[in-house]
Amino acid sequence: MRPYDIIDKKKNGFANTKEEIEFMINGYLNEEVPDYQVAAWLMAIYFKHMNEEESYNLTEIMLKSGDNIDLSKINGKKIDKHSTGGVGDKTTIAIAPMVATLGVKVAKLSGRSLGHTGGTIDKLEAIPGFKTNLNVDDFYKIANKVGLVIAGQTANIAPADKKLYSLRDATATVDELSLIASSIMSKKLAVLSDGIVLDIKVGSGAFMKDLEEARNLAKIMMSIAKKHNRKAVSVLTNMDQPLGETVGNSLEVLEAINTVKGKGPDDFSEICIEIAAYMAELSDIISYNKAKEKLLFNIEKGIVADKMKEWIKAQGGDENVVDFPEEILNISSKTLDFKATKSGYISKIDTEKVGLASMSLGAGRKTKEDSIDLSVGIKILKKLGDKVEKGDAIAKLYISDKSDVDKTFSLLSSAYSIHPEISDKLNKKIIYDVIF
Ligand code: URA
């Protein structure tokens, strides 16, 4: 077998066999196939795509390059979730304690922020004392005792994906559906949960800019999950504006805490309840409708907030943060308003730019090596369709001495469009579709 022939075959639009994909991926991992040939192959895939069988094979090969996380030492049903990445997406932090109050276990590995999207692990570290680098025994113990646990990805999960993703990142081949699907599923399937809810973000702040593309991604991921006998549901959700009201680590934890106490923004609360209810349904412990009813009850009665406290304490954090978040979280006291330069209605938000604006304040990373400032971020004061007068604050920036404020203002200025008339085409739908 020669890399040249495998690349040429794909370049001419033919499917690669499992053996050919294995030859490229394992050869790249073992440094027997050079990166320039893998890069050329990736570009051929970018233009000619992979069919479902190829995507499944690529997933399997990347999955088998690393370890599985065995959850069998955790009693009961374990349901995972994954978001394809958005801006202001603090969903996991609110959802995990919600789901745990239904008797469904959440034992989850999460990632850190990169580029315009945030990461759950960084956000959780905004809680004083909260440990995300748990050893395996503590991971199981906390899951069994509390019903939920979230840790950083320290295990050797899908190392082939890690290496391939870096090459995709450097060769403009990240945004290809079969590659995205295989990359995500190789990591998700490695955690041996009983089911996965895939939150596929669609819009200006997401990988998937349009709904058709997102449906296709969902279709590929669902077929990979099914071939693996893993139960899955895809929920396609709107990312044409930041989710909720905050972007930035401590600010997002504050919002997640408010939400488990029933005081969160409507859009964020709705997404949390929906995804939590689908996670419950996948567990077969409780139906989607009953789960929604019970979740609203558990939130109102403070049962979810109590579960969140128990979880935070179990992972070494200060559980008082749930009762006194504004006193305990480190949120910068230095603020600046980003103001409207004309009157009208917010007609469009380039959400990726809002994510980049938060990153330029110091809340995110350009590269994996960058350090971040948990205290900075953006509070979104005006959302799509809102009326503004010239000079009104659209967003509040929480800054530090190191924040690149000029860049943030410039990004926000180009992110927000204000139109004199309110558009009747504004799409404020929160959930677009659910695919089983
Ligand atoms: N997230 C991933 O893990 N992989 C991709 O390719 C894209 C998003």
Side-chain angles (χ1 to χ4, degrees), residues 21 24-25 28 38-39 41-43 45-46 49-50 52 54-63 65-66 69 80-87 89 91-92 108-122 152-191 193 196-210 213-225 228 230 232 234-237 239 351-352 355-356 359 364-368:
I21 298 171
M24 291 302 273
I25 297 293
Y28 184 43
V38 181
W41 181 57
L42 287 171
M43 193 54 85
I45 296 170
Y46 183 86
H49 314 293
M50 281 181 148
E52 278 187 17
E54 288 174 288
S55 300
Y56 174 76
N57 287 334
L58 175 59
T59 309
E60 282 291 295
I61 293 158
M62 295 201 294
L63 170 64
S65 70
I69 306 292
D80 203 352
K81 80 163 271 278
H82 179 80
S83 155
T84 55
V87 175
D89 186 3
T91 321
T92 294
K108 188 167 161 42
L109 299 179
S110 287
R112 293 191 181 274
S113 86
L114 191 60
H116 77 280
T117 63
T120 300
I121 290 300
D122 293 319
Q153 292 188 7
T154 47
N156 184 33
I157 290 178
D161 171 66
K162 211 179 210 170
K163 195 163 173 188
L164 203 68
Y165 190 90
S166 299
L167 191 59
R168 286 166 60 206
D169 205 23
T171 55
T173 52
V174 167
D175 51 341
E176 200 286 323
L177 293 187
S178 57
L179 294 175
I180 295 175
S182 309
S183 166
I184 293 174
M185 294 310 285
S186 65
K187 289 172 289 207
K188 283 285 113 182
L189 293 171
V191 180
S193 63
I196 313 164
V197 174
L198 298 161
D199 176 6
I200 300 180
K201 302 274 176 219
V202 191
S204 63
F207 266 115
M208 302 292 109
K209 305 291 180 208
D210 75 73
E213 227 185 350
R215 275 209 185 91
N216 287 334
L217 178 66
K219 226 178 98 207
I220 304 171
M221 294 207 286
M222 296 296 287
S223 98
I224 294 171
H228 240 271
R230 192 74 63 92
S234 288
V235 186
L236 275 53
T237 61
M239 193 28 78
T351 309
E352 184 168 339
L356 293 171
M359 188 172 96
R365 296 184 181 81
K366 271 191 220 84
T367 69
K368 278 186 190 145

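For ligands, and for the atoms within them, numbers begin at 1 and follow the listed sequence.
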**Any donor-acceptor pair under 3.5 Å from Thr351 side chain to Ser204 backbone** =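 No, because the side chain of Thr351 does not come within donor-acceptor range (under 3.5 Å) of the backbone of Ser204.
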
Mind checking what makes salt bridge (charged side-chain N to carboxylate O under 4.0 Å, His left out) contact with [X], not counting sequence neighbours?
X      : result
Lys188 : Asp80
Lys366 : none
Lys187 : Asp161

**Any side-chain donor near an acceptor of the partner, His228 and Glu60, under 3.5 Å** =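 Glu60 and His228 do have a side-chain donor-acceptor pair below 3.5 Å.
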
**Prompt:** To the nearest 0.5 Å, how far apart are CZ in Arg168 and CG in Asp175?
**Reply:**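 Going from CZ on Arg168 over to CG on Asp175, the span is 8.5 Å.
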
Give me the pairs of N or O atoms, one from ligand 1 and one from the protein, that sit under 3.5 Å apart.
from: ligand 1; atom 1: 3 (O); to: Lys187; atom 2: NZ; distance (Å): 2.5
from: ligand 1; atom 1: 4 (N); to: Ser183; atom 2: OG; distance (Å): 2.6
from: ligand 1; atom 1: 6 (O); to: Arg168; atom 2: NH1; distance (Å): 3.0
from: ligand 1; atom 1: 6 (O); to: Arg168; atom 2: NH2; distance (Å): 2.8
from: ligand 1; atom 1: 6 (O); to: Ser183; atom 2: OG; distance (Å): 3.4

